[in-house]
Q: 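Dumping the structure here so I can ask a few things about it.
All values reported here derive from a predicted model rather than from experimental measurement. Starting from 1, each residue takes its place in the sequence as its number.
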Amino acid sequence: MAKTSQVVLLENEFYLIKAPNGKVLEVKNFNTENGGLVQLWDYAGQPWQQWKFLDAGEGRWRIQNRFTGKMMDLVYAGVVEGTWIHQWSRTSGLSQCWVLEPTRNGRTRIRNVLADKFIDLVGMNTSNGAQAQIWPEVQGGNQEWDLVRVDSSTAVIPPRPPEARTPGQTPAQRKHKNDIVRKLNNAGKGRKAEK
């Protein structure tokens, strides 16, 4: 067990990284491959929206996705503002090491050790699909996070009314399916043009 900012991180427990508007960081389209991007989305009780904090020593943490087992990382180990955040297999690199810093309002800023910049949202966007990036410290909720332990009250969202639910699919799964259909349609158009 380790205390960081206002949160006590428990060993082998999973957490939501929750924005002030209630949305959480997740692996986009529940991608299990290296390079899967990290984005903001409504919490749906899914394991690709849950993270474990692994002690990396010296007050640093690796942030591991529950679904994929991969670590939150910087694309190409980039250090400039606007570098996107993705997931990658565990390495010894500092691009996978993060420091948790308290804010005055009780939330947490998450700073990358290599870049010395904070998890942020592209364009200060707080809607579903907002891409996670790193950015120098600025005032605003797009760099402030609540770390909420996943337990029986946060593990599953109550079901939606039947008319609003697509059986067996989350919003992220529907979007992924739509993206695949779009890609296949575009590939078919390209083949017709070649003939």
Side-chain angles (χ1 to χ4, degrees), residues 5 7 15-51 53 61-68 70-88 93-148 154 157 170-183 186:
S5 58
V7 177
Y15 294 82
L16 306 177
I17 303 175
K18 194 172 183 181
N21 67 0
K23 297 180 189 297
V24 299
L25 291 181
E26 69 168 18
V27 175
K28 183 177 182 177
N29 296 331
F30 49 91
N31 186 343
T32 58
E33 300 296 319
N34 282 337
L37 295 174
V38 175
Q39 69 177 6
L40 195 67
W41 203 267
D42 290 322
Y43 184 56
Q46 300 299 331
W48 54 85
Q49 299 178 314
Q50 300 169 7
W51 305 88
F53 290 80
W61 301 89
R62 283 188 171 80
I63 305 173
Q64 181 181 42
N65 186 265
R66 182 177 201 162
F67 183 67
T68 67
K70 297 187 186 315
M71 306 298 158
M72 198 176 281
D73 194 2
L74 301 177
V75 172
Y76 298 121
V79 297
V80 298
E81 56 263 7
T83 297
W84 284 10
I85 298 172
H86 68 175
Q87 67 175 358
W88 203 266
L94 292 179
S95 64
Q96 292 186 352
C97 291
W98 305 85
V99 174
L100 307 178
E101 300 179 357
T103 64
R104 284 192 282 167
N105 62 11
R107 293 194 172 101
T108 302
R109 289 183 189 275
I110 306 173
R111 179 174 52 84
N112 183 267
V113 173
L114 179 66
D116 196 31
K117 293 178 177 65
F118 296 87
I119 294 180
D120 184 281
L121 299 168
V122 171
M124 300 179 88
N125 185 356
T126 58
S127 60
N128 282 341
Q131 175 62 45
Q133 67 176 1
I134 55 168
W135 200 264
E137 183 174 351
V138 295
Q139 298 304 311
N142 58 306
Q143 289 187 353
E144 297 178 355
W145 308 95
D146 289 312
L147 305 181
V148 180
T154 57
I157 275 195
T170 66
Q173 288 169 322
R174 287 192 300 277
K175 181 183 179 317
H176 179 68
K177 181 180 174 186
N178 291 340
D179 288 345
I180 290 172
V181 169
R182 201 172 300 113
K183 287 176 187 174
N186 289 338

Q: Can you tell me if Gln49 uses its side chain to pair, donor with acceptor, with the backbone of Asp42 under 3.5 Å?
A: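 Flag set: sc Gln49 to bb Asp42 pair under 3.5 Å.
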
Q: Do Leu40 and Val24 have side chains that approach each other closer than 4.5 Å (heavy atoms only, starting at C-beta)?
A: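 Counting from C-beta outward, Leu40 and Val24 never come under 4.5 Å.
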
Q: Can you tell me how far apart SG (Cys97) and CE (Met71) are? Round to the nearest 0.5 Å.
A: 10.0 Å

Q: Judged by modelled atom types alone, do Gln39 and Glu26 share a side-chain donor-acceptor pair under 3.5 Å?
A: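 There is such a pair between these side chains.
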
Q: Can you name the nearest heavy-atom pair linking Ile119 to Met72, along with the distance?
A: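 Shortest heavy-atom contact: CD1-SD, 3.6 Å.
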
Q: Is it true that a side-chain atom of Asn112 and a backbone atom of Phe118 form a donor plus acceptor pair closer than 3.5 Å?
A: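 Side chain of Asn112 to backbone of Phe118: no pair is present.
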
Q: Less than 4.5 Å apart, side chain to side chain, heavy atoms only: is that true for Tyr76 and Thr83?
A: no

Q: So which heavy atom on Asp120 is nearest to which on Ile134, and how close?
A: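 Minimum heavy-atom separation between Asp120 and Ile134: CB-C, 4.5 Å.
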
Q: Taking the side chain as every heavy atom from C-beta outward, state whether Leu100 and Trp61 have any pair of such atoms under 4.5 Å apart.
A: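 In short, these two side chains touch, coming nearer than 4.5 Å.
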
Q: Are Leu147 and Leu16 close enough that some pair of their side-chain heavy atoms sits under 4.5 Å apart?
A: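 SC-SC contact between Leu147 and Leu16 ruled out.
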
Q: Would you check if there is a donor-acceptor pair between the side chains of Gln87 and Asn65 at a distance under 3.5 Å?
A: no

Q: How far apart are the C-alpha atoms of Thr108 and Thr103, what are their side-chain angles, what is the distance that settles it, and do they pass the side chain to side chain contact (heavy atoms under 4.5 Å, CB included) test?
A: CA-CA 6 Å; Thr108 302; Thr103 64; over 6 Å; no

Q: Is Trp84 close to Val122 at the side-chain level, that is, under 4.5 Å between some pair of heavy atoms?
A: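 Yes, their side chains come closer than 4.5 Å.
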
Q: Does a side-chain N-to-carboxylate-O contact under 4.0 Å join Arg109 and Glu101?
A: no

Q: Using atom types as modelled and distance alone, determine if a side-chain donor or acceptor of Asn29 lies under 3.5 Å from a backbone N or O of Asn31.
A: no

Q: Yes or no on side chain to side chain contact (heavy atoms under 4.5 Å, CB included) for Lys117 and Arg111, after CA distance, side-chain angles and deciding distance?
A: CA-CA 5 Å; Lys117 293 178 177 65; Arg111 179 174 52 84; 6.0 Å; no

Q: For Glu137 versus Gln143, what's the shortest heavy-atom pair and its separation?
A: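 Taking Glu137 first and Gln143 second, the nearest heavy atoms are CA-OE1, 3.4 Å.
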
Q: How close do Ala132 and Leu121 get, counting heavy atoms only, and between which atoms?
A: CA-CD2, 4.3 Å

Q: Can you check whether Ile63 reaches Ile110 side chain to side chain, under 4.5 Å on heavy atoms?
A: yes

Q: Would you call the rings of Trp48 and Phe67 parallel, tilted or perpendicular if under 30° counts as parallel and over 60° as perpendicular?
A: perpendicular

Q: Could you check if a side-chain atom of Tyr43 sits within less than 4.5 angstrom of a side-chain atom of Val148, using non-hydrogen atoms only?
A: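 Not touching, per the 4.5 Å side-chain cut-off.
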
Q: With a sphere of 6.0 Å drawn around NZ of Lys18, does it hold more than 12 non-hydrogen atoms of other residues, nucleotides or ligands?
A: no

Q: How far apart are the closest heavy atoms of Lys70 and Trp88, and which atoms are they?
A: CB-O, 3.5 Å

Q: Measure the shortest side-chain to side-chain distance between Lys23 and Thr126 over non-hydrogen atoms and say whether it is less than 4.5 angstrom.
A: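 No; the side chains remain at least 4.5 Å from each other.
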
Q: Just by modelled atom types, is the Leu25 backbone N or O under 3.5 Å from a matching donor or acceptor in the Trp51 side chain?
A: yes

Q: Which pair of heavy atoms, one from His86 and one from Leu74, lies closest together, and at what distance?
A: NE2-O, 3.4 Å

Q: Name all residues meeting the side-chain hydrogen bond (donor to acceptor under 3.5 Å, both in side chains) criterion together with Ser127; count only those two or more places apart in sequence or in a different chain, and write none if there are none.
A: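 If we apply the side-chain hydrogen bond (donor to acceptor under 3.5 Å, both in side chains) test to Ser127, skipping adjacent residues, the hits are Asn125.
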
